[in-house]
Amino acid sequence: MRLQDEPDIPAQINIVPMIDVIFAILTFFIMSTLFLTRSEGLPVNLPKAATAKQQQVPSKVTITVDEQGVVSLNRKPTTVDNLTAQVRTLIGSNSEMLVIINADEKVGHGQVVAVMDRVRQVEGAKLAIATQRQ
C-alpha cells in the first residue's frame, strides 16, 4: 500500500526578526554618534554667521569668554593679563598653532578685542573666532 504524499510547502524566510535587528543596530549607531561631539571650550552662546566653516586642525588652543566676561584658557580660568604668557607656553616650539576664541554673543566687543590683542602678541599663533551656522 502506498502512502499519500504530503503536498510540498514552499520554504519561506521570515524577515521580521531581521528587520528588528537592523532597527536596533541603526538606533545604536544614531545614539552613539550623538555622544561623539566634543566641546573644546566652555559652553557659551556663540554668535551666528552665514559664512561659518568648520575646520579640522590637529593642534589648537581654545580661549573662552563667557557671558560674565570670565576668560578661560583650555577650560582653566585665567586673566587677560596672563593670557600672552600662557599661550606662548602652550605653543612652545610649535611653529604654528590655531588659537580659537569662543566668546559669548553678549560679551562686550572691547573684551574680545583685548583677548585678540593678547593672542596676536604671541609669535606663531593663528587666530580664529568660533561662530555657529545660522
Side-chain angles (χ1 to χ4, degrees):
M1 171 179 315
R2 186 170 171 195
L3 294 175
Q4 196 175 33
D5 289 337
E6 293 184 21
D8 288 337
I9 300 174
Q12 295 179 349
I13 298 176
N14 190 359
I15 64 168
V16 173
M18 185 176 64
I19 293 173
D20 290 343
V21 169
I22 296 297
F23 279 127
I25 292 172
L26 182 64
T27 304
F28 169 77
F29 282 114
I30 289 173
M31 294 302 288
S32 63
T33 56
L34 292 176
F35 293 108
L36 290 178
T37 58
R38 283 188 353 184
S39 176
E40 296 296 326
L42 297 173
V44 291
N45 294 323
L46 296 175
K48 299 191 180 351
T51 58
K53 294 180 184 176
Q54 185 174 4
Q55 296 182 354
Q56 297 293 329
V57 178
S59 58
K60 59 186 166 185
V61 175
T62 304
I63 299 174
T64 305
V65 184
D66 67 6
E67 192 173 344
Q68 288 80 29
V70 177
V71 179
S72 301
L73 178 66
N74 287 342
R75 294 181 173 244
K76 295 177 186 156
T78 186
T79 62
V80 176
D81 297 331
N82 297 334
L83 205 55
T84 304
Q86 290 177 343
V87 170
R88 189 172 286 133
T89 303
L90 285 173
I91 290 179
S93 63
N94 197 353
S95 62
E96 286 187 1
M97 185 174 282
L98 183 65
V99 178
I100 300 172
I101 297 177
N102 289 330
D104 194 283
E105 61 186 352
K106 295 179 182 172
V107 172
H109 183 70
Q111 176 124 15
V112 177
V113 170
V115 170
M116 291 172 64
D117 187 44
R118 297 294 179 153
V119 172
R120 283 193 196 128
Q121 293 174 5
V122 178
E123 183 119 1
K126 288 187 166 187
L127 191 62
I129 297 177
T131 59
Q132 285 181 337
R133 225 177 247 274
Q134 287 181 335

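Counting from 1, the numbers follow the sequence of the chain as shown. Values in this document were obtained by computation on a predicted structure and should not be read as measured data. Any value given below was found using the heavy atoms of this structure, including those in side chains, with hydrogens, waters and symmetry copies removed.
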Asks: How many angstroms lie between OG1 in T131 and CG in N102, if you round to the nearest 0.5 Å?
Replies: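 Here the rounded value is 10.0 Å.
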Asks: Measuring only between side-chain heavy atoms, which start at C-beta, is M97 closer than 4.5 Å to V87?
Replies: no
Asks: Looking at I101, V122, V115, which hits side chain to side chain contact (heavy atoms under 4.5 Å, CB included) with L127?
Replies: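 The option that passes is I101.
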Asks: Can you find a heavy atom in the side chain of V71 that is under 4.5 Å from one in the side chain of T78?
Replies: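 Yes, side chains in contact.
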Asks: Contact between L90 and L73 at the side-chain level, heavy atoms closer than 4.5 Å - yes or no?
Replies: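 Yes, close enough: below the 4.5 Å cut-off.
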Asks: Are I22 and F28 connected, step by step, through hydrophobic side chains (Ile, Leu, Val, Met, Phe, Trp, Tyr) whose heavy atoms are closer than 4.5 Å?
Replies: no
Asks: If you take all heavy atoms of L98 and A128, which pair is closest and at what distance?
Replies: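 Closest approach of L98 to A128: CD1-CB, 3.8 Å.
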Asks: Atom CD1 of I91 and atom NZ of K126: how far apart are they, to the nearest 0.5 Å?
Replies: 11.5 Å
Asks: Side-chain contact test, heavy atoms from C-beta onward, threshold under 4.5 Å: evaluate it for V61 versus V119 and give yes or no.
Replies: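 When only atoms from C-beta onward are counted, V119 and V61 do not touch, as no gap falls below 4.5 Å.
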Asks: State which residues pass side chain to side chain contact (heavy atoms under 4.5 Å, CB included) with I13; sequence neighbours excluded, sorted by chain then number.
Replies: I15
Asks: Applying salt bridge (Lys or Arg N to Asp or Glu O under 4.0 Å), can you list everything that pairs with D81, at least two apart in sequence or on another chain?
Replies: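 Checked D81 against salt bridge (Lys or Arg N to Asp or Glu O under 4.0 Å); matches are R118.
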Asks: R88 and Q121: which non-hydrogen atoms are nearest, and at how many Å?
Replies: NH2-O, 3.3 Å
Asks: Any idea which heavy atoms bring S72 and P77 closest together, and the distance?
Replies: OG-CA, 4.0 Å
Asks: Which value, rounded to the nearest 0.5 Å, describes the distance between I19 atom CD1 and L26 atom CG?
Replies: 13.0 Å
Asks: Is V113 linked to L83 within one hydrophobic cluster, defined over Ile, Leu, Val, Met, Phe, Trp and Tyr using a side-chain heavy-atom separation of less than 4.5 Å?
Replies: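 Hydrophobic grouping puts V113 apart from L83.
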Asks: Let me check something: do I30 and I25 share a hydrophobic cluster, defined by ILVMFWY side-chain heavy atoms less than 4.5 Å apart, either directly or through other members?
Replies: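 No, I30 does not connect to I25 through the hydrophobic network.
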Asks: Return the minimal non-hydrogen interatomic distance between I100 and A130, and the atom names on each side.
Replies: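 Looking at all heavy atoms of both residues, the shortest contact is CG2-CB, 3.9 Å.
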